[in-house]
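One structure is given below, encoded as structure tokens.
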Amino acid sequence: MSTFVQRLQLFMESRKINDNQMTIAAGLSNGLLGKTKASGKGMSSLNIEKILLAYPELNSEWLLTGKGEMLKSNITLTADSSNDFVDDKEQHFHDITFKTRPRIPFDAAAGSLSIAFGSVTEYECERMPVIPSFPKYDFTIITRGDSMIPEFQSGDELACAFVKESSFIQWGRPHVLDTTQGVVLKKIFNNQNSIICRSINSDYPDFEVPKNEIYHIAIVVGLLRHF
């Protein structure tokens with residue numbers, strides 16, 4: 001499977017765009033594209049957004065995941081005259097809307113999922129373009145460690161949706177818990193005043209978290225794996 005950098009290069013070659021032309025068109029910092037290609041790693045969500053806005057024919061899902069076609073079909077765009085970002089982090093054009101969701105660090109401090117509710121400013125949280133093939137989700141988080149292999153591998157990016165009411169918790173499925181001890185990704189089970197957290201990797205024992213020590217619960221609805 002191709003990488004983000006390979007797909008970006010393929011798009012540039014198809015459009016006969018060099019690094020300097022894309023840097024100017026998208027308003028990127030000088031040398032960013034060269035460094036990205038040399039490292040083989042991805043870009044920040046802000047720079048990805050700039051590229052998608054500069055080249056609206058580029059399919060964001062293809063660029064991020066490799067799924068679908070490189071180009072959107074039959075799109076003619078004219079930017080709104082205001083060209084401003086609105087409060088819900090959307091950029092509007094006559095025919096398309098770009099949306100983003102916050103990416104939460106897995107090792108973030110307790111209570112950090114409040115970021116997805118807009119309790120911090122834009123510069124304090126990286127944002128990623130929405131993946132349209134996923135169900136509706138509130139944030140993404142990148143996994144760490146091997147406690148949830150083989151279903152989830154370290155480095156996977158998970159799309160998560162907040163569970164607003166306890167009656168909607170899907171017991172036995174993987175959830176992200178925001179607890180007083182930090183963020184955990186586990187399969188969860190109800191146990192009166194606590195929640196049993198279970199790893200998929202049998203090397204890790206179950207543990208319980210008191211319900212009064214949990215700030216937020218979010219269910220995993222999508223997975224993006226980088227190769």
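Phe4 and Leu32 fall within a single hydrophobic cluster, where Ile, Leu, Val, Met, Phe, Trp and Tyr are joined by side-chain heavy atoms under 4.5 Å apart, directly or via other members. In this structure, Ile48 is a member of the same hydrophobic cluster as Leu71, with clusters built from ILVMFWY side-chain heavy atoms closer than 4.5 Å. Phe189 and Val184 are not part of a single hydrophobic cluster, where members link through side-chain heavy atoms under 4.5 Å apart. Taken together through direct or relayed side-chain contacts under 4.5 Å among Ile, Leu, Val, Met, Phe, Trp and Tyr, Ile169 and Val221 form part of one hydrophobic cluster. Hydrophobic clustering, with ILVMFWY side chains joined whenever heavy atoms are under 4.5 angstrom apart, groups Met70 together with Ile51.
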Q) Is there a side-chain contact (heavy atoms from CB on, under 4.5 Å) between Leu185 and Val220 once you walk through the steps? A) CA-CA 9 Å; Leu185 166 66; Val220 177; 3.9 Å; yes

Q: Apply side-chain contact (heavy atoms from CB on, under 4.5 Å) to Met12 and Lys37, showing your working.
A: CA-CA 12 Å; Met12 294 175 67; Lys37 293 176 183 179; 3.7 Å; yes

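Closest heavy-atom contact between Glu151 and Pro174: OE2-CG, 3.8 Å. Here the closest non-hydrogen pair linking Pro129 and Glu49 is CG-CG, 4.4 Å. Taking both residues in full, the closest heavy atoms of Ser133 and Glu61 are given as OG-OE2, 2.6 Å, listed atom of the first, atom of the second, then distance. Listed here is the closest heavy atom pair of Phe139 and Ile104: CD1-CG1, 3.7 Å. For Ala25 against Ala54, the heavy-atom pair with the smallest separation is O-CB, 3.6 Å.
The distance from the CG atom of Leu58 to the CG atom of Leu8 is 7.5 Å, given to the nearest 0.5 Å. With rounding to the nearest 0.5 Å, the separation of SG in Cys197 from CD1 in Ile214 is 6.5 Å. Atom CD1 of residue Ile188 and atom OG of residue Ser194 lie 11.5 Å apart, to the nearest 0.5 angstrom. Rounded to the nearest 0.5 angstrom, Ile219 CD1 and Asp138 CG are separated by 12.0 Å. Put simply, CD on Glu157 and OG1 on Thr65 are 11.5 Å apart, with the number rounded to the nearest 0.5 Å. If you take CH2 on Trp62 and CG on Leu10, they are separated by 4.5 Å, rounding to the nearest 0.5 Å.
Chaining together hydrophobic side chains whose heavy atoms lie under 4.5 Å apart leaves Ile24 on its own.
The neighbour count for Asn18 CG, taken as heavy atoms of other residues, nucleotides or ligands under 6.0 Å away, is above 12. Applying the 6.0 Å contact sphere to CG of Asn193 captures no more than 12 heavy atoms from other residues, nucleotides or ligands. Counting heavy-atom neighbours within 6.0 Å of Lys67 NZ, excluding the residue itself, gives a total of 12 or less. More than 12 heavy atoms of other shown residues, nucleotides or ligands fall within 6.0 angstrom of atom CD in Glu13.
Annotation: side chain of Ile200 is in contact with side chain of Lys187 (closest heavy-atom distance under 4.5 Å). Taking the side chain as every heavy atom from C-beta outward, Phe134 and Leu223 never approach each other to under 4.5 Å. Contact of the Met43 side chain with the Leu33 side chain is registered, since non-hydrogen atoms from C-beta on lie closer than 4.5 Å.
Looking only at distances, no side-chain donor or acceptor of Lys186 sits under 3.5 Å from a matching main-chain atom of Met148. Put simply, the side chain of Tyr137 gets close to the backbone of Ile131: a donor and an acceptor are under 3.5 Å apart. Under a 3.5 Å cut-off, the side chain of Arg7 and the backbone N or O of Leu63 do form a donor-acceptor pair. For Asn201 (side chain) and Asp146 (main-chain N/O), a donor-acceptor pair under 3.5 Å exists by modelled atom type. The backbone N or O of Gln153 sits less than 3.5 Å from a side-chain atom of Thr143, completing a donor-acceptor pair. Proximity of a side-chain donor or acceptor of Arg103 to a complementary backbone N or O of Ile142 within less than 3.5 Å is not detected. In this structure a side-chain-to-backbone donor-acceptor pair under 3.5 Å is missing from Asn191 to Ile196.
Taking the six-membered ring where the residue is Trp, Phe11 and Tyr55 present perpendicular rings, their angle passing 60° and hence far from 30°.
Listed by chain and number, the residues in a ring-ring contact (aromatic ring centres under 6.0 Å, His included) with Phe152 amount to none (sequence neighbours excluded).
Among the candidates Glu165, Lys164, His175, the single residue satisfying the side-chain contact (heavy atoms from CB on, under 4.5 Å) test with Ile217 is His175.
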